[in-house]
Amino acid sequence: MPEVIELAGVGVMAGETPILRDVSVRLDARRIAVIGANGSGKSTFARLLNGLVAPSAGTVSVHGMDVARQARQVRERVGFVFTNPDAQILMPTPAEDLALSLKGRGLSRGQIAERVRTELARHGLADHADQPAYSLSGGQKQLLALVAVLIREPRLIVADEPTTLLDLGNARRMADLLIDGIDAQAVIATHDLELAGRCDVALRFEGGRLLEVGEPGAVIAHYRAEFAAR
Amino acid sequence: MPEVIELAGVGVMAGETPILRDVSVRLDARRIAVIGANGSGKSTFARLLNGLVAPSAGTVSVHGMDVARQARQVRERVGFVFTNPDAQILMPTPAEDLALSLKGRGLSRGQIAERVRTELARHGLADHADQPAYSLSGGQKQLLALVAVLIREPRLIVADEPTTLLDLGNARRMADLLIDGIDAQAVIATHDLELAGRCDVALRFEGGRLLEVGEPGAVIAHYRAEFAAR
Amino acid sequence: MISLYRPGRSPLHRLPAEAKIVGMAVLALAISLWPHTPVTATGTLLGVLVLFALGGFGPREWARQLWALRWLVVFMAGTQLLFLGTEPALVNTVRVVSVVLLAGVLTLTTRSEEMLDVVERALRPLARFGADPWRVAFTLSLTIALVPVIADFGRRVREAQRARGVRLGVRAVVPMLVMSLRHADDVADALSARGIA
Amino acid sequence: MTDTDRFDGRDIARIAVFAALLIALSIMGPIPGPVGVPITAQTLGVMLAGAVLGWRNGAAAVLVVLVLAAIGLPILSGGKGGLGVFVGPTAGYLIGWVAGAAVVGLIAHSGRRFAWWRVAVANSIGGILVVYAFGVPVQSLVMGLPLAETLLSSTVFLVGDFLKVVVATVLTVVIHRAYPVAFAPRRALAARD
Ligand SMILES: Nc1ncnc2c1ncn2[C@@H]1O[C@H](COP(=O)(O)OP(=O)(O)OP(=O)(O)O)[C@@H](O)[C@H]1O
Ligand SMILES: Nc1ncnc2c1ncn2[C@@H]1O[C@H](COP(=O)(O)OP(=O)(O)OP(=O)(O)O)[C@@H](O)[C@H]1O
Ligand SMILES: O=C(O)CCCC[C@@H]1SC[C@@H]2NC(=O)N[C@@H]21
Ligand SMILES: [Mg+2]
Ligand SMILES: [Mg+2]
């Protein structure tokens with residue numbers, strides 16, 4: 001399957017108000033940044049890609065699959081990382097949380113435990129495997145949330161502001177992982193313009209419209225210019 | 001009273017672990033930035049200033065008052081803005097929330113309502129006075145939280161990462177308000193180095209220690225350099 | 001989360017949870033239905049204390065458990081003395097205390113995780129009627145994971161009151177509830193994004 | 001069973017969050033109430049669960065709390081838990097909480113529009129009548145005390161329970177203003193996204 005994301009004439013309504021209008025775009029870049037003001041539609045765009053939001057008009061296809069009609073397969077293939085890791089960590093401890101991600105894949109308990117240890121070790125979380133997840137630091141939680149997604153080996157990772165709560169060091173580490181450390185395609189909605197600048201292509205939203213798609217440096221410069229002008 | 005913040009040999013413990021160690025500093029600048037990595041102690045420092053955290057050693061004095069012994073007066077004088085406005089907005093609507101801030105000041109209902117309308121209008125929130133607060137945008141919520149503090153006319157505002165969830169435009173607006181729009185002294189703990197750069201003095205924390213106090217440009221450069229070196 | 005379970009290696013600790021539950025049910029029923037005299041009632045209580053000893057719990061634990069039941073004892077003994085007289089009051093109170101303590105032994109010697117497994121297994125026959133044992137077990141552990149998160153909302157609301165110099169009293173439940181319900185929507189999104197429910 | 005009869009992710013999230021809220025409130029200890037009477041989360045939480053979440057999810061949230069207590073977590077008032085409470089004289093009240101939350105939800109959500117008086121009626125019937133309907137007979141059985149005397153003895157809770165009806169009703173009304181989304185019926189929610 002080609003790793004292409006394609007939206008054709010997509011609109012999204014919240015009740016009576018349109019929150020995304022007539023978005024058409026074809027994306028085959030590996031690292032895709034999504035930028036724009038608060039309420040411009042970044043999160044809505046991101047959520048379209050795994051069916052958390054359904055379009056009221058148009059079609060969304062991810063890697064050749066229609067998100068509306070092949071919801072199950074799309075969910076298997078698309079991993080989603082939210083801003084707030086607290087909402088995403090669903091089990092009391094990191095080890096249990098990763099094990100949850102591996103459920104229903106026909107793995108034995110032993111195999112799951114094995115895999116969980118490997119992944120925790122790889123991301124420097126081995127020492128925290130059985131500690132209550134809520135007592136992890138913000139950076140560790142954010143990392144755990146991402147690992148819980150990566151362990152399912154998605155082909156597309158969608159991340160909604162993955163670095164917002166992190167300091168320079170943790171944000172850099174998370175960015176390195178998303179940009180260079182993973183094999184899958186990635187869509188990253190973010191206010192962190194340094195992170196956006198490291199992507200291959202950037203989308204800029206404004207008031208529910210896709211204003212611009214292009215080389216990140218240029219798109220970010222336009223975005224900045226718009227605020228400087230005000 | 002002189003508008004001076006003074007810490008002498010301050011330590012803070014969380015149970016057995018020290019989270020702030022031997023902090024001594026005298027601050028009379030108008031705009032004070034606090035920077036440092038996740039977990040370095042920024043929030044703890046900020047919370048010391050209005051007694052949300054009590055020192056286990058040393059003394060904290062704000063505008064000549066001892067925070068531990070004159071807790072009431074200090075609270076009256078110090079306004080605190082949290083990162084997450086959802087936790088700070090305590091009433092169903094913006095108007096009610098601002099009215100809450102004015103309670104117990106011997107104002108009549110009419111005077112309170114009058115004052116609330118004025119403040120909402122001044123900050124461009126008049127149209128949202130009676131809308132459920134949860135449905136405000138992130139920027140509006142953050143603004144409301146700040147206005148609810150400003151309306152009590154504090155002489156010191158302490159803000160813990162006030163711009164984290166905001167876009168370029170909203171962050172700029174919030175920063176403008178904190179830097180140029182208020183009369184009181186302000187302490188701003190932040191990862192937003194642009195905002196920190198606009199202050200008069202910057203404090204850098206690391207591992208619970210106050211590493212450096214100085215001209216923001218230089219302090220930020222050192223902070224960046226430390227991460228670049230890793 | 002802290003459990004009432006006390007780790008140990010006694011025979012009672014090693015017995016499978018199901019066996020303990022069935023055993024406890026049978027014993028509790030027998031104790032409850034037996035027409036007690038003051039002597040048999042006291043004998044029963046002593047028998048239960050022997051079970052505690054078997055689980056490795058000495059007089060200290062007896063005292064602790066009895067202390068936890070002080071209001072029950074006061075309430076029962078009080079009303080029964082008032083309405084029924086001395087002997088029935090003594091018999092009934094001792095009998096009920098025995099049954100409650102008996103159940104306490106089980107709780108002290110069985111891990112919560114093991115009990116959770118029992119719940120899941122017990123639900124399996126109900127799968128035919130649309131109950132999903134895994135979903136039930138998952139909801140239970142999700143709740144455990146959420147308690148500290150929600151408690152933290154409570155802490156933040158308390159701090160906001162202090163920082164703003166206001167007191168909401170019971171009304172503080174409102175912002176806490178609004179935050180919690182919004183959090184529930186985020187968790188629901190995560191459940192669906194992670195392909196869980 | 002049709003698909004909409006199942007508990008979906010949104011239901012599970014709400015049930016778990018509300019159950020966690022009830023537990024957190026009970027761990028945090030009694031809330032100091034008016035006239036110095038501390039309000040335990042117990043029946044207050046039962047009323048809120050039904051009134052906010054509706055009958056199904058409300059009852060399920062209360063049930064989750066009871067199951068977690070039963071498996072040995074100290075989450076009932078005063079740090080009680082374990083199977084002991086389910087064989088004691090108050091066991092019936094606990095079962096009554098589940099039914100009570102369901103009845104509160106059924107009545108509170110029965111009208112076309114939200115109305116405070118309906119919530120008050122719901123809390124009185126579900127939060128008191130139903131709870132006692134389960135609680136008193138079981139208590140009578142366990143204690144070996146005739147029904148009438150048991151009823152008389154359980155009136156010690158009654159004043160507190162009526163106070164909780166008032167508090168729960170006021171809170172529900174305020175929550176409805178602060179976050180009306182929570183009260184939307186399931187279908188409307190599903191249509192949202
Ligand atoms: N379920 C909903 N109901 C009503 N309005 C909604 C809903 N979801 C989103 N919106 C509105 O749609 C607009 C776009 O929201 P979206 O979350 O996509 O913005 P965003 O670009 O991610 O903003 P931010 O930078 O603040 O995260 C906003 O105005 C928001 O209030
Ligand atoms: N109540 C507490 N109990 C235990 N540890 C605590 C407590 N409060 C803070 N800490 C710890 O103290 C350290 C400093 O925390 P603080 O919140 O001040 O850091 P920060 O600089 O504000 O970090 P961030 O950038 O993530 O907000 C952290 O390691 C934190 O985990
Ligand atoms: O914790 C327990 O063991 C159960 C207590 C049962 C409490 C009942 S519910 C109705 C009445 N109202 C109260 O506040 N308490 C009792
Ligand atoms: Mg967003
Ligand atoms: Mg902080």
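Order of the sequence lines sets the chain letters (A, B, ...), proteins ahead of strands, with each chain counted from 1. Please read these numbers as outputs of a predicted model, since none were measured by experiment.
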Asks: Against chain D, work out which of C:Leu181, C:Asp186, C:Val187 has the most heavy-atom pairs shorter than 4.5 Å and name it.
Replies: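 Maximum pair count with chain D is reached by C:Leu181.
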Asks: Any side-chain heavy atom of D:Ile12 within less than 4.5 Å of one from C:Ile196?
Replies: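 Result no, sub-4.5 Å side-chain heavy-atom pair not found.
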Asks: Between D:Leu22 and chain C, with a heavy-atom cut-off of 4.5 Å, which part of the residue counts as in contact: side chain, backbone, both or neither?
Replies: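 Contact with chain C: none, neither part.
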Asks: Using non-hydrogen atoms only, which part of D:Val52 is less than 4.5 Å away from chain C: side chain, backbone, both, or neither?
Replies: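 Looking at D:Val52, just its side chain touches chain C.
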Asks: What part of C:Leu106 gets closer than 4.5 Å to chain D, counting heavy atoms only: side chain, backbone, both or neither?
Replies: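 Just the side chain, heavy atoms under 4.5 Å.
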Asks: Heavy-atom cut-off 4.5 Å, strictly under: side chain, backbone, both or neither for D:Ala70 against chain C?
Replies: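 Answer is backbone: N, CA, C or O of D:Ala70 sit under 4.5 Å from chain C.
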Asks: Output the option from C:Gly104, C:Ala151, C:Ser180, C:Ala172 having the highest count of non-hydrogen pairs under 4.5 Å with chain D.
Replies: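 Most heavy-atom pairs under 4.5 Å with chain D: C:Ser180.
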Asks: Between D:Val67 and chain C, with a heavy-atom cut-off of 4.5 Å, which part of the residue counts as in contact: side chain, backbone, both or neither?
Replies: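 Side chain of D:Val67 only, per the 4.5 Å heavy-atom cut-off to chain C.
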Asks: So C:Leu84 and D:Glu149, side chain to side chain contact (heavy atoms under 4.5 Å, CB included) or not? Walk me through it.
Replies: CA-CA 10 Å; C:Leu84 302 176; D:Glu149 277 85 4; over 6 Å; no
Asks: D:Leu171 vs C:Leu177, test: side chain to side chain contact (heavy atoms under 4.5 Å, CB included). Steps then yes/no.
Replies: CA-CA 10 Å; D:Leu171 286 178; C:Leu177 227 132; over 6 Å; no
Asks: What part of C:Phe153 is in contact with chain D, defined as an atom under 4.5 angstrom from a non-hydrogen atom: side chain, backbone, both or neither?
Replies: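 No part of it gets close to chain D.
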Asks: Under the side chain to side chain contact (heavy atoms under 4.5 Å, CB included) rule, what do C:Val173 and D:Leu48 come out as? Steps first, then yes or no, please.
Replies: CA-CA 10 Å; C:Val173 174; D:Leu48 286 177; 4.3 Å; yes
Asks: What part of C:Arg158 gets closer than 4.5 Å to chain D, counting heavy atoms only: side chain, backbone, both or neither?
Replies: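 Answer is side chain: those atoms of C:Arg158 sit under 4.5 Å from chain D.
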Asks: D:Ala20, D:Gly144, D:Gly88, D:Ala19: which one forms the most heavy-atom pairs within less than 4.5 Å of chain C?
Replies: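 Going by pairs under 4.5 Å, I would pick D:Ala20.
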Asks: Below 4.5 Å from any heavy atom of chain D, which atoms of C:Ser192 appear? Answer side chain, backbone, both or neither.
Replies: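 No part of it gets close to chain D.
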Asks: Looking at D:Pro146, D:Ala91, D:Pro89, D:Ala178, which makes the most heavy-atom pairs under 4.5 Å with chain C?
Replies: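 Greatest number of close heavy-atom pairs with chain C: D:Pro89.
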Asks: So what's closer than 4.5 Å to chain D heavy atoms on C:Leu72: side chain, backbone, both or neither?
Replies: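 Contact with chain D is through the side chain of C:Leu72 alone.
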Asks: Please classify the contact between C:Leu191 and chain D as side chain, backbone, both or neither, with a heavy-atom cut-off of under 4.5 Å.
Replies: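 Just its side chain gets close to chain D.
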Asks: Rounded to the nearest 0.5 Å, how far does CZ of C:Arg111 lie from CD1 of D:Ile71?
Replies: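 One finds 12.5 Å between CD1 of D:Ile71 and CZ of C:Arg111.
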Asks: Heavy-atom distances under 4.5 Å only: say whether D:Phe18 touches chain C with side chain, backbone, both or neither.
Replies: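 Just its side chain gets close to chain C.
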Asks: Report the C-alpha separation of C:Thr79 and D:Met143 in whole Å, then their side-chain angles, then the decisive distance to 0.1 Å, and conclude whether the side chain to side chain contact (heavy atoms under 4.5 Å, CB included) test is met.
Replies: CA-CA 10 Å; C:Thr79 48; D:Met143 303 210 327; 3.7 Å; yes
